[in-house]
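To keep things clear, I will list the structure first and then write my remarks on it.
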Amino acid sequence: MTTRILGIETSCDETAAAIVADGRWVQSSVIASQHDLHRQYRGVVPEIASRAHLERINPVIEQALDTARLAFDQVDAVAIGNRPGLIGSLMVGVSAAKTIAWATGRPLLGIDHVTAHLYAATMSESESATQAAQATEDGTDVYPAVGLVVSGGHTSLFLVESPTDAHVLGRTIDDAVGEAYDKAAVILNLGYPGGPCLDRLAQTGNPQAYDLPRSLLGRESLDFSFSGLKTALLYKVCGQPRGRGSKAIFERSAADLSDTQRRDLAAAFQAAAVDTLMIKINRALDLANQQGRPARSLLVGGGVSANSLLRQRVTELGTQRNLSVGLPPMSLCLDNAAMIAGLAYHRWRQKDFDDLHLRAIATTD
Ligand code: KG4
Ligand code: ZN
């Protein structure tokens, strides 16, 4: 019997709902992005985000059900990304999910957003399942895996034993890599959201034209740091500042860059960011080998898993290290509800349900 789970995601600035069958078949995935509302601020404004979720949540859920040709009482469970995220945004989705669970009598499942990004790396977009998706049911081909989540809020490495069991090996001590991309795009005066704009521009530039740092935090560390890279880019673009903090005065700005300089700086930033990620992935894979539990696969998820260079480099690494590589289809890289519904299936199989006291949790560190 097929199990159909309604997933809901409202942790940041995407209002999303999806129906996923048996943890892998995406029957509908609706994402209402709020980029237009936040563009003028060049970042997500929490109050605007939660109000927009309130306005959009009902139509988004209805559209997900309509597309899958299901009524509320035909879903087997309701899953909600309840942690981590912006508290006001999370609360909208949690309230909606509880209401549906209560009204239909279906089980409620609170899902961790970051682990769901990792799970997205094992999902496929259509019914022509990838090898990884086929193996998800028992995990024999996928796990143990090394996992990397790279998003606007997170940069973390994991040892992953199963869809519901991931241990953190290392995480960023300052900016997340997506956040660094977004700030770098502001420094270079590119569009919003910054990550995809910078990625596109970087593909036209020469990464060797500028030397930017790769912060490795010591020989063994599996943690990340991206604030030094961001500051190094700022100084290359604007020169050395006079004064400190918000009073700093710079010699020049991004407006003074030629097109070639802007392209080359974007390419140099992208090369430094992705090199850093690749070095840490290799360290994590080596560690798994040393511990006598070599990874069968590498799973990469989160918004930055849409990055062209990162996708290329991890695919090459898979060939070099004879490792299967799971990357989400482009539609499941950024925040979406299919990954929430997909991961929830594995909790559903264990009958590991939550009750109506489920809370929205802003941070899980
Ligand atoms: O996973 P996500 O949608 O939200 C969070 O959970 O944070 O990730 C959004 C992040 C943003 O920082 C965005 O700039 C970045 O992912 N991003 C990219 C690309 N596409 C999205 N960064 C680099 N290259 C991309 N192609
Ligand atoms: Zn996310």
Side-chain angles (χ1 to χ4, degrees), residues 7-16 18 29 31-35 38-39 42-44 46 49 53 80-86 89-90 93 111-121 123 147-156 171-172 175-188 190-205 224 226 229-230 233 266-267 269-277 299-314 327-340 342-343 362-364:
I8 300 173
E9 155 64 37
T10 61
S11 68
C12 189
D13 60 341
E14 260 91 34
T15 316
S29 176
I31 304 172
S33 153
Q34 303 176 7
H35 291 161
H38 302 286
R39 179 167 285 117
R42 289 182 162 193
V44 177
H53 284 307
I80 170 68
N82 73 318
R83 63 191 191 278
L86 300 172
S89 293
L90 289 166
I111 298 296
D112 178 78
H113 179 92
V114 179
T115 322
H117 270 308
L118 266 186
Y119 184 73
M123 293 178 77
L148 175 73
V149 174
V150 274
S151 72
H154 301 272
T155 303
S156 303
R171 52 160 61 101
T172 183
D175 292 351
V177 65
E179 187 182 355
Y181 261 90
D182 294 335
K183 289 176 177 168
V186 171
I187 293 169
L188 289 169
L190 309 180
Y192 178 86
C197 296
L198 200 154
D199 182 12
R200 270 195 302 278
L201 189 66
Q203 292 172 48
T204 65
F224 299 88
F226 289 101
L229 172 60
K230 176 196 64 190
L233 177 74
F269 176 90
Q270 172 129 302
V274 173
D275 269 359
T276 308
L277 296 173
L299 305 176
V300 183
V304 185
S305 67
N307 183 266
S308 59
L309 184 62
L310 181 60
R311 291 180 86 88
Q312 181 196 323
R313 296 279 301 273
V314 294
L327 279 163
M330 292 301 269
S331 62
L332 300 184
C333 289
L334 293 163
D335 286 350
N336 66 86
M339 66 184 190
I340 303 287
L343 175 55
T363 51
T364 48

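This structure is a prediction, so every number in the text was calculated from the model and none was measured. All ligand and atom numbering here is 1-based and tracks the order in the structure.
Distances below 4.0 Å separate heavy atoms of G153 from the following atoms of ligand 1: 7 (O). Atoms of ligand 1 found under 4.0 Å from any heavy atom of G178 (numbered from 1 in listed order, with element): 12 (O). Residue H117 has at least one heavy-atom neighbour below 4.0 Å for each of these atoms of ligand 1: 1 (O), 6 (O).
At least one heavy atom of H113 sits under 4.0 Å from some atom of ligand 1.
Checking T155, D199, D182, V150 against atom 12 (O) of ligand 1, the nearest heavy atom belongs to D182. Taking each of V304, D13, D335, V274 in turn, the one with a heavy atom nearest to atom 3 (O) of ligand 1 proves to be D335.
Between D182 and R42, none of the side-chain N atoms (NZ, or NE/NH1/NH2) sits under 4.0 Å from a carboxylate O, so this pair counts as no salt bridge.
Looking at E14 and N336, their side chains never bring a donor and an acceptor atom within 3.5 Å of each other.
Not counting sequence neighbours, the partners of D13 by the side-chain contact (heavy atoms from CB on, under 4.5 Å) test are Q34, H35, H38, V44, Y192.
Here H113 meets the criterion, with an N, O or S atom under 2.8 Å of the Zn ion (ligand 2). Residue side and main chain included, H117 places an N/O/S atom under 2.8 Å of the Zn ion (ligand 2).
Contact annotation: for P196 versus ligand 1, heavy atoms closer than 4.0 Å belong to both the backbone and the side chain.
If you look at D335 and ask which of its N, O or S atoms sits nearest the Zn ion (ligand 2), the answer is OD1.
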* Asked: Can F226 and Y181 be said to form a ring pair (Phe, Tyr, Trp, His ring centres under 6.0 Å), step by step?
  -> CA-CA 9 Å; F226 289 101; Y181 261 90; 8.7 Å; no
